[in-house]
Amino acid sequence: MSQARRSFPVKTFLSALLALVALGVVWVGVGEYLRIQNNIAHSRDELVQAEASLAQVQYDEQGNVVEADRSKYQRAMSTMKIHTESIQGSRAQMPTVYPFLGGGILGVLVFGFMAVRSTRRS
């Protein structure tokens, strides 16, 4: 019984190498996506804590913060401002991740297909 053997020309190795590079690009995109999602989750947690701290602040009859709670109020407001801006910045970074994911996946598929198709049966 004769079995067909496959030979692997240079085009196969180059295509496979490019598919691995594209896989690395996908990996970078996934890493960035997870980093951004982590930042958003952390900022949301900080916002919840700041909101809880702000709910404990006491006000006088005119609606002003009492002197004893002024630092707690300022710290909570500062935290809310910082983490709100952090969430906005993270959301603005999300569109930069999509080309890595889309291009990398497309590259893996195209170059993987080319590598498989370029093997020759003998």
Side-chain angles (χ1 to χ4, degrees):
M1 204 191 272
S2 96
Q3 291 183 338
R5 294 179 43 105
R6 290 190 175 262
S7 64
F8 299 99
V10 173
K11 183 177 178 183
T12 302
F13 289 114
L14 290 177
S15 297
L17 180 65
L18 288 173
L20 288 175
V21 168
L23 191 61
V25 170
V26 171
W27 187 255
V28 167
V30 168
E32 276 297 299
Y33 179 82
L34 293 176
R35 183 190 62 79
I36 291 170
Q37 292 302 315
N38 251 352
N39 287 346
I40 290 173
H42 172 71
S43 291
R44 282 186 181 149
D45 291 343
E46 291 292 326
L47 284 172
V48 168
Q49 290 175 3
E51 191 175 8
S53 178
L54 199 56
Q56 297 172 352
V57 170
Q58 301 293 320
Y59 299 93
D60 62 12
E61 300 84 32
Q62 287 86 23
N64 298 323
V65 177
V66 296
E67 194 61 39
D69 287 345
R70 189 167 306 280
S71 67
K72 183 188 289 187
Y73 174 81
Q74 288 174 339
R75 193 170 36 252
M77 291 303 287
S78 173
T79 300
M80 290 180 86
K81 181 179 187 286
I82 289 168
H83 289 287
T84 299
E85 289 172 356
S86 174
I87 288 174
Q88 290 170 345
S90 293
R91 286 188 178 150
Q93 288 179 344
M94 285 302 289
T96 64
V97 172
Y98 301 135
F100 284 101
L101 294 174
I105 291 170
L106 182 63
V108 167
L109 293 174
V110 168
F111 293 122
F113 179 76
M114 285 175 61
V116 170
R117 294 286 294 164
S118 66
T119 58
R120 293 190 192 123
R121 289 182 187 237
S122 56

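- Scored by the side-chain contact (heavy atoms from CB on, under 4.5 Å) test, Glu85 finds Lys81, Gln88 as partners (sequence neighbours excluded).
- Val30 and Val97 end up in the same hydrophobic cluster when Ile, Leu, Val, Met, Phe, Trp and Tyr side chains are linked at under 4.5 Å.
- Contact between Leu54 and Met77 at its shortest, heavy atoms only, is CD2-SD, 3.8 Å.
- Cluster annotation: Val28 and Tyr98 are assigned to distinct hydrophobic clusters (Ile/Leu/Val/Met/Phe/Trp/Tyr, side-chain heavy-atom contacts under 4.5 Å, transitive).
- The closest side-chain heavy-atom distance from Lys11 to Arg117 is not below 4.5 Å.
- In this structure, Ser86 contributes its side chain and Ile82 its backbone to no donor-acceptor pair below 3.5 Å.
- Note on residues 44-54: no pairs pass side-chain hydrogen bond (donor to acceptor under 3.5 Å, both in side chains), not counting sequence neighbours.
- Val110 and Leu18 end up in the same hydrophobic cluster when Ile, Leu, Val, Met, Phe, Trp and Tyr side chains are linked at under 4.5 Å.
- Separating the CG atom in Asn64 from the CZ atom in Arg70 is a distance of 7.5 Å, to the nearest 0.5 Å.
- Going from atom CD1 of Ile105 over to atom CG of Leu23 covers 10.0 Å, rounded to the nearest 0.5 Å.
- Summarising the geometry of Asp69 relative to Gln58, their closest heavy-atom pair is OD2-N, 2.7 Å, with the distance given to 0.1 Å.
- Shortest non-hydrogen contact noted between Gly29 and Leu101 is C-CD2, 3.7 Å.
- Judged purely by atom type and a 3.5 angstrom limit, Ser78 has no side-chain atom pairing as donor or acceptor with the backbone of Gln74.
- When side chains are defined from C-beta on, Val66 does not count as touching Tyr59, because their heavy atoms never get closer than 4.5 Å.
- The stretch residues 14-36 participates, sequence neighbours left out, in these side-chain hydrogen bond (donor to acceptor under 3.5 Å, both in side chains) pairs: Glu32-Arg35, Arg35-Gln93.
- The hydrophobic cluster containing Met80 also contains Val65, counting ILVMFWY residues as joined when their side-chain heavy atoms lie under 4.5 angstrom apart, directly or transitively.
- When every heavy atom of Ile36 is checked against every heavy atom of Ser90, the shortest pair comes out as CG2-O, 3.5 Å.
- Interatomic distance, NE2 of His83 versus CD1 of Ile87, reported as 8.5 Å (0.5 Å rounding).
- Taking CZ of Phe111 as the start and CG of Leu17 as the end, the distance is 10.0 Å to the nearest 0.5 Å.
- Taking hydrophobic clusters as Ile, Leu, Val, Met, Phe, Trp and Tyr residues chained together by side-chain heavy-atom distances below 4.5 Å, Leu109 does not share a cluster with Leu14.
- Of all the heavy atoms in Ser118 and Pro9, the pair that sits closest is O-CG, 3.4 Å.
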